[in-house]
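Here's the structure we're looking at; comments come further down.
Every value quoted in this text rests on a predicted model; they were computed, and no experiment measured them.
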Amino acid sequence: MDLVEARSRLAAEMERRGDWPERAPWIRAAVEATPRDAFAPDRLWRWDGEGYVPVDRVVDKDAWVSLVYAGPDDAAVTQVVDGVPTSSLSCQAVVVDMLDSLLLEPGHRVLELGTGTGWNAALAARRAGPGNVVSVEVDPELAGVARKALAEAGLDVCVGVGDGAAGRASEQPWDRVISTYAVERVPWAWIAQARPGGRVVTPWGRLGHVALTVAEDGRSASGWVQGLATFMPARGTPAERRFADVRGNAAAGQERGVVRDLAPLCDDAHLLFALRVALPELRVRAARDADGVNAWIHDGDTSWAVYSASAGVGTTLYQGGARRLGDELETAWDRWIAAGAPALFDHGMTVTPDTQFLWAYNPDTGPRWPTTT
């Protein structure tokens, strides 16, 4: 596949979906001037149903191009360690959405956490200007590759090696801080190192990203959820246990019939986000088959639940472990409905030095949930 054709096709699909932000036309111009393939390594990785297999540009260029430009919502895995993806060229739609949320202006001093390939830093540098973007990467090898790609693109970006959770101290506070990996709790260093009125954009909970504005006294930051997407966690985060690992061979401690329509567990992103907020330790997976909707839930520890649909019989809930996760999920679901079913964009986050919580509708008067420690 021709690279020019692939770039054009992806740009057109984003246009069709309305992914190019009207308030920030600079982003599309930056993407056109800084194509993602220029920051993609020669070896990418593809999931073949059993594991990640390499796709080398010199061996199969068409397959390589297809991974780089798969679609607006498709990331290209650029690094795999012990069978687990640890870095990627993020999907174009999310990169664009997060940069739009950053409200970046020329001359802003930008701190990026998680350099990866360097593409996100490159786009930010197109807007902020030479010398105004500093990026921190925990992996020295990735940092070196990103430096080379940025230099070849003619962009003046400083790439340092370090733990992104610590931010990067500077004589002057940062105007903008952006993280490219997900956190369960926003490191206070990111807020403390930003100026009052500054903007901090980060993925939360591997599920969506928030944009926080630092208060004038610098003692808190608050803002709204901006979008929904899946993000990689910080390097070193333990791999999540699978449902099969949690359940093992354990028999159900309880079973009961279910009359609730489970289709929203497959289709309703707003519900799924709300459940993630209310029950952050739960992992929920749902799928349809000929009999209906089935769902598998676990808490990463000892408790699990299965909703099993059977034609002519209906749906049965099986639960095991110390907790009754199906009951907890349905209670949280009912409370969400009772609260007016707040949408994804009705949620926000507030961060202080000692606490942080998510809220719905209003940070002072709306319902709130503390983030996990």
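- Residues Leu212 and Trp369 share a hydrophobic cluster, clusters being chains of Ile/Leu/Val/Met/Phe/Trp/Tyr side chains in contact below 4.5 Å.
- Applying the salt bridge (Lys or Arg N to Asp or Glu O under 4.0 Å) test to Arg109 and every residue at least two apart in sequence or in another chain returns nothing.
- Between atom CH2 of residue Trp296 and atom OG of residue Ser308 there is a gap of 8.5 Å, rounded to the nearest 0.5 Å.
- The two atoms that bring Leu10 and Gly71 nearest to each other are CD1-C, 3.5 Å, heavy atoms only.
- Remark: Ser179 OG to Leu111 CG distance equals 9.5 Å, nearest 0.5 Å.
- Grouping Ile, Leu, Val, Met, Phe, Trp and Tyr by side-chain contacts under 4.5 Å, direct or through others, leaves Tyr361 on its own.
- At a threshold of 4.5 Å between non-hydrogen side-chain atoms, the residues Trp64 and Leu44 count as touching.
- Applying the ring-ring contact (aromatic ring centres under 6.0 Å, His included) criterion to Trp224, with sequence neighbours excluded, gives Trp359.
- Clustering ILVMFWY residues whenever any of their side-chain heavy atoms sit less than 4.5 angstrom apart, transitively, puts Trp119 in the very cluster that holds Leu150.
- The residues Arg57 and Asp62 are annotated as not salt-bridged, no charged nitrogen and carboxylate oxygen being separated by less than 4.0 angstrom.
- Inspection of the Arg256 and Thr316 side chains reveals no N or O donor paired with an N or O acceptor under 3.5 Å.
- By the 4.0 Å N-to-carboxylate-O rule, Asp73 lies close enough to Arg17 to be salt-bridged with it.
- At a threshold of 4.0 Å, the pair Asp354-Arg219 does not count as salt-bridged, since none of the basic side-chain nitrogens sits closer than that to a carboxylate oxygen.
- Between the NE2 atom of His270 and the CZ atom of Phe345 there is a distance of 7.0 Å, given to the nearest 0.5 Å.
- For Glu105, the side-chain hydrogen bond (donor to acceptor under 3.5 Å, both in side chains) partners at least two apart in sequence or on another chain are Arg127.
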inquiry  = Does Arg7 form a salt bridge (charged side-chain N to carboxylate O under 4.0 Å, His left out) with Glu32? I'd like the steps, not just the answer.
reply    = CA-CA 8 Å; Arg7 295 170 190 164; Glu32 291 174 352; over 6 Å; no
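- Looking at Asn120 and Glu112, their side chains do bring a donor and an acceptor atom within 3.5 Å of each other.
- Not a single ring-ring contact (aromatic ring centres under 6.0 Å, His included) links Trp20 to another residue, sequence neighbours left out.
- Taking 4.5 Å as the limit, every side-chain heavy atom of Val201 sits out of range of all side-chain heavy atoms of Val177.
- When hydrophobic clusters are built by joining Ile, Leu, Val, Met, Phe, Trp and Tyr residues whose side-chain heavy atoms come closer than 4.5 Å, directly or via intermediates, Val157 is grouped together with Leu89.
- Annotation: the span from Asp37 atom CG to Leu3 atom CG amounts to 4.5 Å, rounded to 0.5 Å.
- Screening residues 243-255 for salt bridge (Lys or Arg N to Asp or Glu O under 4.0 Å), with sequence neighbours left out, gives Arg242-Asp245.
- Pairs passing the salt bridge (Lys or Arg N to Asp or Glu O under 4.0 Å) check and including a residue from residues 285-309, sequence neighbours excluded, read Asp267-Arg288, Asp299-Arg323.
- Annotation: Arg241, atom CZ; neighbour count of heavy atoms from other residues, nucleotides and ligands within 6.0 Å is above 12.
- One hydrophobic cluster holds both Val68 and Met14 under the rule that ILVMFWY side chains link at heavy-atom gaps under 4.5 Å.
- Legend: salt bridge (Lys or Arg N to Asp or Glu O under 4.0 Å) pairs involving residues 155-180, not counting sequence neighbours, sorted by first then second residue: Asp175-Arg195.
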message = Would Met349 and Thr371 count as a side chain to side chain contact (heavy atoms under 4.5 Å, CB included) here? Give the steps.
response = CA-CA 9 Å; Met349 175 184 284; Thr371 62; 4.2 Å; yes
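- Looking only at atom types and distance, the side chain of His209 has a donor-acceptor partner in the side chain of Ser101 under 3.5 Å away.
- We find the OG1-CD1 distance between Thr352 and Ile191 to be 10.0 Å, quoted to the nearest 0.5 Å.
- Listed by chain and residue number, Trp304, Tyr318 satisfy the side-chain contact (heavy atoms from CB on, under 4.5 Å) test with Ala252 (two or more places apart in sequence, or in another chain).
- Under the 4.5 Å side-chain criterion, counting only non-hydrogen atoms from C-beta, Val31 is in contact with Gln92.
- Residues near Val4 contribute nothing to a hydrophobic cluster around it, because no ILVMFWY side-chain heavy atom sits closer than 4.5 Å to its side chain.
- Residue Ile337 shares its hydrophobic cluster (ILVMFWY side chains chained together at separations under 4.5 Å) with Val258, Leu262, Leu265, Leu271, Leu272, Leu275, Leu279, Leu282, Val284, Val293, Ile297, Tyr307, Leu317, Leu325, Leu329, Trp333, Trp336.
- Using a 4.0 Å cut-off between charged nitrogen and carboxylate oxygen, Glu5 and Arg9 do not count as a salt-bridge pair.
- Listed by first and then second residue, the salt bridge (Lys or Arg N to Asp or Glu O under 4.0 Å) pairs that reach into residues 132-151 are Asp139-Arg235, sequence neighbours excluded.
- With rounding to the nearest 0.5 angstrom, the CG atom of Leu142 is 6.5 Å from the OG1 atom of Thr78.
- The main-chain N or O of Ala322 is found under 3.5 Å from a side-chain atom of Ser303 such that the two form a donor-acceptor pair.
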